[in-house]
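Beneath this line is the structure, given in structure tokens, with notes to follow.
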Amino acid sequence: MTPPRVRFAPSPTGYLHVGGARTALFNWFYAKHTGGTFVLRIEDTDQQRSTDAHTQVILDGLTWLGVTWDEGPFFQGANNAQHRADAERLLTLGRAYKDYLTAAELEVHRAHAKATGVPFRFTRATMNLSADEVARREAAGAPYAIRFAIPDEEIAWDDAVHGRISWQGRDMDDFIILRSDGTAIYNMAVVSDDIAMRITHVIRGDDHVSNTPKQIALYRALGHAEPIFAHVPMILGADGKKLSKRHGATAVGDYQDMGILPGAMRNFLALLGWSPGSNDEILPEAELIARFDLGHVQKKPAVFDTTKLEWMNGQYLSMLPAAELLDPVRRQLALLGVTTTRDLSPIIEVVKLRSRTITHLAEQVALRVDASRVVRDAKGAALAEKLGPKFASYLELAHSALSAVTPTEWNAAALEPLLKQLAENEGAKLGDIMQPIRVALTGSTVSEPVPELLAVVGRDESLARLAAAS
RNA sequence: GGCGCUAUCGUCUAGUGGCCUAGGACACAGCCCUCUCAAGGCUGGUACACGGGUUCGAAUCCCGUUAGCGCUACCA
């Protein structure tokens with residue numbers, strides 16, 4: 001059996017949305033799993049809405065996600081000669097016909113149908129011009145569109161995710177395949193390209209199922225075997241409606257900005273509409289590829305749950321070594337306006353366990369290297385108030401005890417017993433000593449264990465913050 | 001309206017006729033651990049849309065109902 005050839009074919013009329021990203025991912029998983037080829041094709045035939053900037057954003061989004069293409073990117077607009085040749089071949093074959101009706105004339109019919117409440121249907125019998133009129137327009141060299149003559153037969157296919165889906169030709173209109181300006185309409189262009197690119201598996205969104213019978217009819221008329229179709233479900237917003245701008249973040253770039261790791265995004269998207277058939281949730285790339293199959297793709301749409309994405313991102317943050325987080329953290333730090341020559345790895349190491357996004361992680365790092373970012377929050381202030389004069393006196397005690405520690409002994413393992421001893425000497429609970437220090441160093445009542453915090457902030461800086469707070 | 005698709009916890013899902021008084025994860029609540037917060041461990045509540053069949057047996061198969069979604073362009 002020859003290896004499969006799949007394609008991802010976005011139109012550059014907007015950003016790369018999570019739905020499209022997931023479709024790309026499923027194609028990519030399938031290609032990698034089967035040793036097939038992933039073709040990237042930009043469907044830019046809508047001249048009005050397509051832009052190079054959008055194309056670039058899509059390419060960047062795919063790259064960020066780790067989706068690589070083996071061929072392309074090809075631009076559909078460049079293939080119009082082929083599309084047109086195929087459409088004209090259909091004409092010669094008698095499977096399509098010239099339609100001299102102008103768009104304006106058609107609109108009259110459509111408006112009439114609407115006014116009378118009758119659903120509009122294009123029918124060869126009633127819409128066609130009289131033979132005389134056709135001859136007259138033809139002689140005058142009037143422009144014409146080419147319509148495909150849909151056969152009155154069953155068009156069914158065995159969808160790789162839905163199973164058998166069946167349509168009747170009589171329920172479909174004779175759709176236009178070539179505009180009067182000589183450019184191809186979507187369904188014609190897709191079929192023409194997919195044939196030319198020898199695509200074997202069309203994995204795309206559910207919103208295309210109604211295009212599929214039209215495309216199959218085209219394959220048959222052109223004398224080509226149709227590919228295998230797999231229609232993957234849509235992604236919905238929290239309200240169960242199709243994901244759109246008003247749901248907030250919908251583009252993959254938004255999640256990148258939010259501090260989501262590509263690996264986490266890939267894992268999360270994979271599990272949205274597909275499952276490995278077991279209880280496993282955290283699946284590294286290699287595992288995803290090895291286990292991916294169309295048979296376990298869900299038939300129903302899935303709601304995009306940002307909370308679970310962030311949980312998963314937190315899992316990735318915890319298990320990734322600090323070294324791999326260095327670059328993304330530095331980028332976020334730059335956005336925060338923080339520059340430092342310090343080795344950030346030890347800080348990232350302790351802070352990543354409590355972070356769900358790179359953004360939050362970077363803020364925590366910034367707080368530890370930049371004293372000016374220490375601002376006492378509500379709980380920190382409440383603690384200081386609750387302890388009253390003890391707050392300052394505990395800090396002074398801590399300061400003097402910690403001052404005795406030499407720079408070489410300044411590490412979490414050595415600091416911990418010292419602080420415990422201090423609490424014991426004072427007859428205070430450990431928390432009574434630790435919390436004021438935490439507030440002095442971070443402004444908040446939440447952080448990594450205090451000895452680690454002190455170690456990470458450093459001796460001189462820690463002492464300075466202690467002194468400033470007491 | 002027509003055609004098509006879909007229907008398991010709030011959400012993502014396991015389930016492909018008996019292993020299901022329905023399993024896991026996120027979220028939520030409680031407890032443990034503990035200097036705080038996470039993480040981790042334990043516990044808890046919450047689901048097979050409804051109605052008919054088929055079968056010894058149905059979340060799983062069939063039919064109908066209901067609901068949701070998609071398409072119904074010289075857009076993609």
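We name chains A, B, ... by the order of the sequence lines, and we start the count at 1 in each one.
Between the side chain of A:Ser180 and the base of B:C74, at least one donor-acceptor pair of N or O atoms lies under 3.5 Å. Scanning atom types as modelled, one donor and one acceptor separated by under 3.5 angstrom connect the side chain of A:Asn211 and the base of B:A76.
A distance of about 12 Å separates the P atoms of B:G10 and B:A49, rounded to the whole Å. Comparing B:C63 with B:A58, their C1' atoms are spaced 15 Å from each other, to the whole Å. Using atom C1' as the reference point in both B:C26 and B:C9, the two lie 12 Å apart (nearest Å). Nucleotides B:U46 and B:C28 have their C1' atoms positioned 10 Å apart, rounded to a whole Å.
Listed nucleotides: B:A76, B:A27, B:C5. Nearest to the side chain of A:His162: B:C5. Closest to the A:Leu272 side chain, of the nucleotides B:G15, B:A73, B:C12, is B:C12. Closest to the side chain of A:Trp167, out of B:C3, B:C26, B:U13, is B:C3. The side chain of A:Ile176 sits closest to B:C74 out of B:G40, B:A38, B:C74. For A:Asp305, the listed nucleotide lying nearest its side chain is B:C26; candidates were B:C5, B:C26, B:A25. When distances run from any side-chain atom of A:Tyr186 to the nucleotides B:C35, B:G70, B:A76, the shortest one goes to B:A76.
A:Thr102 comes within 4.0 angstrom of a base, heavy atoms only. Residue contacts for A:Ala302: at a heavy-atom cut-off of 4.0 Å it reaches the sugar-phosphate backbone alone, with no base atom in range. Among the heavy atoms of the strands lying under 4.0 Å from A:Pro451 is at least one base atom, whether or not backbone atoms are also near. A:Val450 comes within 4.0 angstrom of a base, heavy atoms only.
Applying the Watson-Crick and G-U wobble criteria (two distances, each under 3.5 Å), B:G4 pairs with B:C69. Across all strands shown, B:C50 forms a Watson-Crick or G-U wobble pair with B:G64, both key distances being under 3.5 Å. Both distances falling under 3.5 Å, in either a Watson-Crick or a G-U wobble arrangement, place B:A25 opposite B:U11.
Distances shown here put a side-chain N or O of A:Ser275 below 4.0 Å from the OP1 or OP2 atom of B:A14. Between A:Arg147 and B:A73 there is no side-chain N or O to OP1 or OP2 distance below 4.0 Å.
Per the geometry, NZ belonging to A:Lys352 stands 18 Å off P belonging to B:A38, to the nearest Å. Rounded to whole Å, the distance from CD on A:Glu310 to P on B:U11 is 19 Å. The nearest whole Å value for the distance from the NE2 atom in A:His83 to the P atom in B:C74 is 19 Å. With rounding to whole Å, A:Lys299 atom NZ is found 22 Å from B:G68 atom P. We find that CE of A:Met434 is positioned 5 Å from C1' of B:C35, with the value rounded to whole Å. Atom-to-atom, NZ of A:Lys308 to P of B:A25 comes out at 9 Å; the value is rounded to the nearest Å.
Remark on RNA chain B: of its neighbouring residues A:Ala145 and A:Ser447, the 5'-side contact belongs to A:Ser447, judged by nearest-heavy-atom nucleotide.
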